[in-house]
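The model shown is predicted, which means the values in this text are computed figures rather than measured ones.
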Amino acid sequence: MSLRYAALVTEHPATGTATSVTPPNDLRTPLDAVDRQLVRLLQEDGRMANNALAAAAGIAPSTCLARVRALRRAGVIRGFHADVDPEALGRGLRAMIAVRMAAGSRATLEPFARSVAARPEVLDVYFLAGADDFLLHVAVRDSDELRRFVVERLSDRPDVASTETSLVFDHLRGSVGG
């Protein structure tokens with residue numbers, strides 16, 4: 001995927017100095033400092049208005065808008081999401097479930113991942129290297145619901161060899177950084 005916009009000549013809003021802004025041309029090219037700053041700011045507040053985002057990054061609003069659109073087209077910014085507390089929705093018990101698939105179940109890896117990702121209990125599905133094949137982040141109402149999910153939705157499947165469940169006491173969100 002290419003970031004497609006021409007080099008822009010802009011005026012810095014505070015200093016009035018003309019600058020040329022050339023974004024990276026594809027994802028193999030490292031993002032420049034302005035793009036990294038835009039990504040960091042949007043990670044902190046995905047609802048930040050374009051004018052405020054531009055001011056915080058020290059670029060013109062039109063340049064900011066073009067860069068954010070290009071970052072989205074390139075897949076650097078995959079979307080904007082509400083960070084909802086599962087406990088507020090009555091799903092206060094969270095767990096990480098390691099899933100090991102049965103030998104010879106390679107053809108079922110993608111269907112398995114898609115089917116569990118569609119479950120309302122599942123927040124995230126990670127496909128892993130190593131002894132376990134998947135790590136599921138789930139949020140449920142209580143331990144009975146967690147047990148039912150593991151027994152009826154995972155252990156019951158012939159393509160699942162084993163599961164290991166760890167309760168989550170707390171969760172802090174990090175950032176991709178730059």
Over all heavy atoms of both residues, which pair between S105 and M101 is shortest? Give the atoms and the distance, please. OG-CB, 3.3 Å

Nearest 0.5 angstrom please: L167 CG to L93 CG, how far? 5.5 Å

Return yes if some donor-acceptor pair links the side-chain N/O of R67 with the main-chain N/O of V34 below 3.5 Å, else return no. no

Going from CZ on R72 to CG on L42, what distance comes out if it is rounded to the nearest 0.5 angstrom? 10.0 Å

Spell out, yes or no, whether L146 and L123 are grouped together once hydrophobic residues are joined by side-chain heavy atoms under 4.5 Å, including indirect joins. no

Residue pair A56 / L41: nearest heavy atoms and the distance that separates them: CB-CD1, 3.7 Å

Between D132 and R100, is the closest basic N to carboxylate O distance under 4.0 Å? yes

Verdict with reasoning, T165 to I97, per side-chain contact (heavy atoms from CB on, under 4.5 Å): CA-CA 4 Å; T165 303; I97 305 170; 3.8 Å; yes

Would a distance-only check, ignoring hydrogens and angles, find a side-chain to backbone donor-acceptor pair under 3.5 Å from R91 to P86? no

Can you name the one residue among R94, H137, E145 that meets side-chain contact (heavy atoms from CB on, under 4.5 Å) with E121? E145

Tell me, with the steps shown, if M96 and V168 meet side-chain contact (heavy atoms from CB on, under 4.5 Å). CA-CA 7 Å; M96 301 299 281; V168 174; 3.7 Å; yes

Could you grab the distance from atom CZ of R141 to atom CG of L89, nearest 0.5 Å is fine? 13.0 Å

Trace of the side-chain hydrogen bond (donor to acceptor under 3.5 Å, both in side chains) decision for S115 with R157: CA-CA 12 Å; S115 70; R157 296 177 61 121; 3.0 Å; yes

Side-chain touch D35/V76, heavy atoms, less than 4.5 angstrom: no

Going from CZ on F127 to CD on E110, what distance comes out if it is rounded to the nearest 0.5 angstrom? 9.5 Å

Grouping I, L, V, M, F, W and Y whenever their side-chain heavy atoms are under 4.5 Å apart, do M48 and V68 come out in a common cluster? yes

Atom OG1 of T108 and atom CZ of R114: how far apart are they, to the nearest 0.5 Å? 13.5 Å

Does L135 belong to the same Ile/Leu/Val/Met/Phe/Trp/Tyr cluster as F112, with side-chain heavy atoms less than 4.5 Å apart forming each link? no

Point-to-point distance, once rounded to the nearest 0.5 Å, from SG of C64 to CD of Q37: 9.5 Å

Should the heavy atoms of other residues, nucleotides or ligands under 6.0 Å from CD of E44 be counted, would the total exceed 12? yes

Linking I/L/V/M/F/W/Y whenever any side-chain heavy atoms sit under 4.5 Å apart, do L154 and L128 land together? no

Strictly under 6.0 Å, is that where the ring centroids of Y126 and F134 end up? no

Report whether L65 and L71 are members of the same hydrophobic cluster (ILVMFWY, side-chain heavy atoms less than 4.5 Å apart, transitive linking). no

Residue pair L38, I59: steps toward the side-chain contact (heavy atoms from CB on, under 4.5 Å) verdict: CA-CA 10 Å; L38 293 173; I59 58 177; 4.3 Å; yes

